[in-house]
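All remarks here apply to the structure that follows.
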Amino acid sequence: MSQTQPDRSTRASIILVMGGALWGLYWIPVRFFLDQGLTGPWPGIAMYCAALIALIPFIWADRRLLTRQWRDLMLSGMFTGAAFSLYSISLVYTDVVRSILLFYLTPIWGTVLGLVFLGERLSLMRLAGLICGLGGLFVVLGDSGFVPWPQNMGDWLALASGVCWALGTLGLYKAGNISISGQVFAFVTGALLLSLLSLAVLGNQTLPNIAQGETLRVVGYALLSAFYVLPMVYMTIWPATKLSPARVGLLLMSEVVIGLASAAALSGEPFGLREFLGATLIVSAAVLEILRK
């Protein structure tokens, strides 16, 4: 029996929530490589290179089809890859909580893009989801009078990554006929290229400072990171080809909950009543978006 569209949509939504949870833990390998002496964009560069090496057999199998679709791949990879890269770098230059939550102004951009380019309607259920999601962000960031406005370079990078992700998911949604391996390849390649470009912008402050004799160990860790990065990206890209940008942005808010909790447990960043209430509102936004279907 073939799957109905609602079945596929529900499965994609569940997988995307799980992928978002993995994204919530993504700050851990980034900070780990930072502790190993890889500063600025280098943690991301190390993981992107490892992921691309692991992707070679899949890309080789689809090489003829991907050659014909290179324009669509370039467009989607440019924006989604930029989002991946900017988000990774922001985790180096600002707090985990601020990086995650400034990225999650994404539902605003995703809703606007859906209304303008996909002809979607702003239903009461979607409006309620947006209010819950954004309300959660304001509750969490409202501590000490903080308004969600970028305060440093890391904050600006996180905000820019959210805009790029909203644009990229629009491209993914419109190019769902491209193989998932091709989409992931474009995603990671775009992230690698932008990260390499950022080295020229950031200058000498990003030079790696790996301890003597530790290079091979760090390379080994980078190769192992592909077993984390690739499933995380696959669980983000495939659902993004099946769901609208606004829904993708809302469902990925599972990253906020996991990111806040893991940061509180492992990095010493706060997770009290305010953060719990904010996370609850954000999860409610994801649930409302699923129920909307």
Side-chain angles (χ1 to χ4, degrees), residues 12-31 43-44 47 80-92 94-110 129-130 132-141 148 154-155 157-166 168-169 172 187 191 225 228-240 243 245-267 269-271 275-290:
S13 298
I14 293 171
I15 290 175
L16 188 58
V17 170
M18 295 171 61
L22 292 178
W23 276 106
L25 299 173
Y26 178 67
W27 68 270
I28 296 176
V30 171
R31 293 288 179 87
M47 290 187 280
T80 57
F84 193 11
S85 174
L86 293 171
Y87 178 67
S88 297
I89 300 172
S90 75
L91 289 168
V92 174
T94 192
D95 294 340
V96 173
V97 170
R98 286 166 71 157
S99 182
I100 291 174
L101 293 178
L102 284 170
F103 173 84
Y104 275 97
L105 293 176
T106 300
I108 298 175
W109 322 127
L130 280 173
C132 284
L134 295 177
L137 300 184
F138 275 87
V139 167
V140 173
L141 293 178
D155 290 353
L157 292 173
L159 181 64
S161 70
V163 176
C164 289
W165 177 248
T169 53
L172 290 174
F187 183 97
S225 72
Y228 181 88
V229 171
L230 284 181
M232 176 182 73
V233 175
Y234 268 93
M235 293 171 74
T236 308
I237 294 296
W238 179 78
L243 304 172
R247 190 170 190 182
V248 168
L250 284 169
L251 293 177
L252 273 176
M253 284 185 174
S254 59
E255 177 187 351
V256 177
V257 179
I258 301 300
L260 292 178
S262 61
L266 302 174
S267 74
E269 296 183 5
F271 191 84
E275 286 76 20
F276 177 78
L277 176 59
T280 301
L281 285 169
I282 291 167
V283 171
S284 297
V287 172
L288 284 171
E289 180 62 14
I290 293 175

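We number each residue from 1, following the sequence as shown.
Scanning both residues, G135 and L281, for their nearest heavy atoms gives C-CD1, 3.9 Å. Here the shortest heavy-atom pairing between S99 and T94 reads CB-CG2, 3.8 Å. The minimum heavy-atom distance linking V92 with P43 is given by the pair CG2-CG, 4.4 Å. The two residues I100 and G259 make their nearest non-hydrogen contact at CD1-CA, 3.5 Å.
The backbone N or O of Y87 lies less than 3.5 Å from a partner atom in the side chain of S90, making a donor-acceptor pair. In terms of modelled atom types and a separation under 3.5 Å, the side chain of Y228 and the main chain of L22 share a donor-acceptor contact. No donor-acceptor pair under 3.5 Å is formed between the side chain of S161 and the backbone N or O of L86.
How far CE of M18 is from OG1 of T236: 11.5 Å, rounded to the nearest 0.5 Å. Of the inter-residue distances, the one linking I237 atom CD1 with I15 atom CD1 reads 13.0 Å to the nearest 0.5 angstrom. Atom CZ of F187 is separated from atom CG of L230 by 10.5 Å, given to the nearest 0.5 angstrom. L25 contributes atom CG, which lies 8.5 Å from atom CG of L266 (distance to the nearest 0.5 angstrom). Expressed to the nearest 0.5 Å, how far CG of L260 lies from CZ of F276 amounts to 12.0 Å. Taken from CG in L91 to CG in L157, the straight-line distance is 10.0 Å, to the nearest 0.5 Å.
Taking the side chain as every heavy atom from C-beta outward, T80 and W165 approach each other to under 4.5 Å. For the pair L16 and W238, the minimum side-chain heavy-atom distance is 4.5 Å or more. M47 places a side-chain heavy atom less than 4.5 Å from the side chain of V30. Counting heavy atoms from C-beta outward, W27 and S262 have side chains that approach closer than 4.5 Å.
Using cut-offs of 30° and 60° on the angle between ring planes, the pair W23 and F84 is perpendicular.
In this structure, S225 has no side-chain hydrogen bond (donor to acceptor under 3.5 Å, both in side chains) partners at least two apart in sequence or on a different chain.
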